[in-house]
Amino acid sequence: TSAMRKPQKTPRRFPGGEMMKTYIKLQFRAEGMSPLEVIKLVRKVGFVPVVGQYDFAIEYEKADDFARIVTELHRILRGTRVRYELMTEE
């Protein structure tokens with residue numbers, strides 16, 4: 001007899017299948033972690049530097065990625081005394 005397998009869950013995509021981009025703006029405090037160290041942490045999550053209103057951005061296509069990215073970002077910035085603001089667009 002063969003064991004029954006659970007069907008693989010298909011990742012949920014955004015309507016139309018377009019890529020999404022989340023931007024982050026960082027605010028550093030003198031009594032917090034060094035900005036260079038914070039930048040290293042943010043880049044480990046997959047964010048890349050951008051020029052303009054925001055400091056970093058990350059692109060993804062699956063809705064499930066958003067929760068993973070934001071959860072990881074919050075986890076690594078906890079305790080750094082850095083404030084952050086997120087903005088997401090298509």
Side-chain angles (χ1 to χ4, degrees):
T1 65
S2 62
M4 299 264 313
R5 290 188 185 178
K6 281 177 115 177
Q8 289 275 346
K9 184 177 178 183
T10 304
R12 191 169 51 101
R13 299 208 182 269
F14 293 103
E18 66 273 355
M19 294 290 287
M20 297 297 285
K21 189 177 250 188
T22 294
Y23 297 90
I24 181 173
K25 181 188 290 187
L26 301 172
Q27 291 182 342
F28 299 98
R29 300 176 80 178
E31 58 277 347
M33 183 180 274
S34 154
L36 292 178
E37 291 302 314
V38 172
I39 289 168
K40 287 179 189 176
L41 293 174
V42 170
R43 291 186 75 152
K44 284 182 182 179
V45 177
F47 282 87
V48 294
V50 294
V51 176
Q53 182 178 357
Y54 292 91
D55 301 311
F56 292 87
I58 189 169
E59 285 188 312
Y60 49 95
E61 60 181 301
K62 294 183 226 108
D64 297 342
D65 290 339
F66 178 78
R68 179 190 55 78
I69 290 165
V70 172
T71 299
E72 180 66 10
L73 180 67
H74 187 74
R75 186 187 68 74
I76 65 163
L77 291 180
R78 186 178 291 132
T80 62
R81 299 188 61 93
V82 171
R83 293 181 61 162
Y84 65 94
E85 175 183 325
L86 298 173
M87 193 277 295
T88 301
E89 67 179 14
E90 304 180 40

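Computed from heavy atoms alone, side chains included, the values below leave out hydrogens, waters and symmetry copies. Numbering of residues begins at 1 and proceeds along the displayed sequence.
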Please report, to 0.1 Å, the donor-acceptor pairs under 3.5 Å made by any side chain of residues 79-87, with sequence neighbours excluded.
from: Thr80; atom 1: OG1; to: Leu77; atom 2: O; distance (Å): 2.7
from: Thr80; atom 1: OG1; to: Val82; atom 2: N; distance (Å): 3.3
from: Tyr84; atom 1: OH; to: His74; atom 2: ND1; distance (Å): 2.7

Task: Partners passing side-chain hydrogen bond (donor to acceptor under 3.5 Å, both in side chains) against Glu31 (at least two apart in sequence or in another chain) - done: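 Residues passing side-chain hydrogen bond (donor to acceptor under 3.5 Å, both in side chains) with Glu31: Arg29.
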Validation row: Glu61, Met20 side chains within 4.5 angstrom (heavy atoms) =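 No. Closest side-chain heavy atoms not under 4.5 Å.
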Going from [atom1] on [X] to [atom2] on [Y], what distance comes out if it is rounded to the nearest 0.5 angstrom?
{"X": "Leu41", "Y": "Ile76", "atom1": "CG", "atom2": "CD1", "value": "4.5 Å"}
{"X": "Lys21", "Y": "Glu89", "atom1": "NZ", "atom2": "CD", "value": "7.5 Å"}
{"X": "Leu26", "Y": "Tyr54", "atom1": "CG", "atom2": "OH", "value": "11.5 Å"}
{"X": "Met19", "Y": "Lys62", "atom1": "CE", "atom2": "NZ", "value": "9.5 Å"}

| said: Please determine whether side-chain contact (heavy atoms from CB on, under 4.5 Å) holds for the pair Val48 and Ile58, giving the CA-CA distance in whole Å, both sets of side-chain angles, and the decisive distance to 0.1 Å. | reply: CA-CA 6 Å; Val48 294; Ile58 189 169; over 6 Å; no
Q.
side-chain contact (heavy atoms from CB on, under 4.5 Å), that's the test. Do Ile39 and Arg43 meet it? Break it down for me.
A. CA-CA 6 Å; Ile39 289 168; Arg43 291 186 75 152; 4.0 Å; yes
Search all heavy atoms of Thr22 against all heavy atoms of Phe47 and return the closest pair with its distance.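 Between these two residues, the closest heavy atoms are O-CE2, 3.7 Å.
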Do Tyr23 and Gln53 have side-chain N/O donor and acceptor atoms under 3.5 Å apart?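 Gln53 and Tyr23 do not have a side-chain donor-acceptor pair below 3.5 Å.
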Out of the candidates Thr71, Ile69, Ile24, only one should pair with Val45 under the side chain to side chain contact (heavy atoms under 4.5 Å, CB included) rule; please name it.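 Answer to the side chain to side chain contact (heavy atoms under 4.5 Å, CB included) test with Val45 among Thr71, Ile69, Ile24: Ile69.
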Got a donor-acceptor contact below 3.5 angstrom from the Asp55 side chain to the Lys25 backbone?
->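 Judged by distance alone, no pair lies under 3.5 Å.
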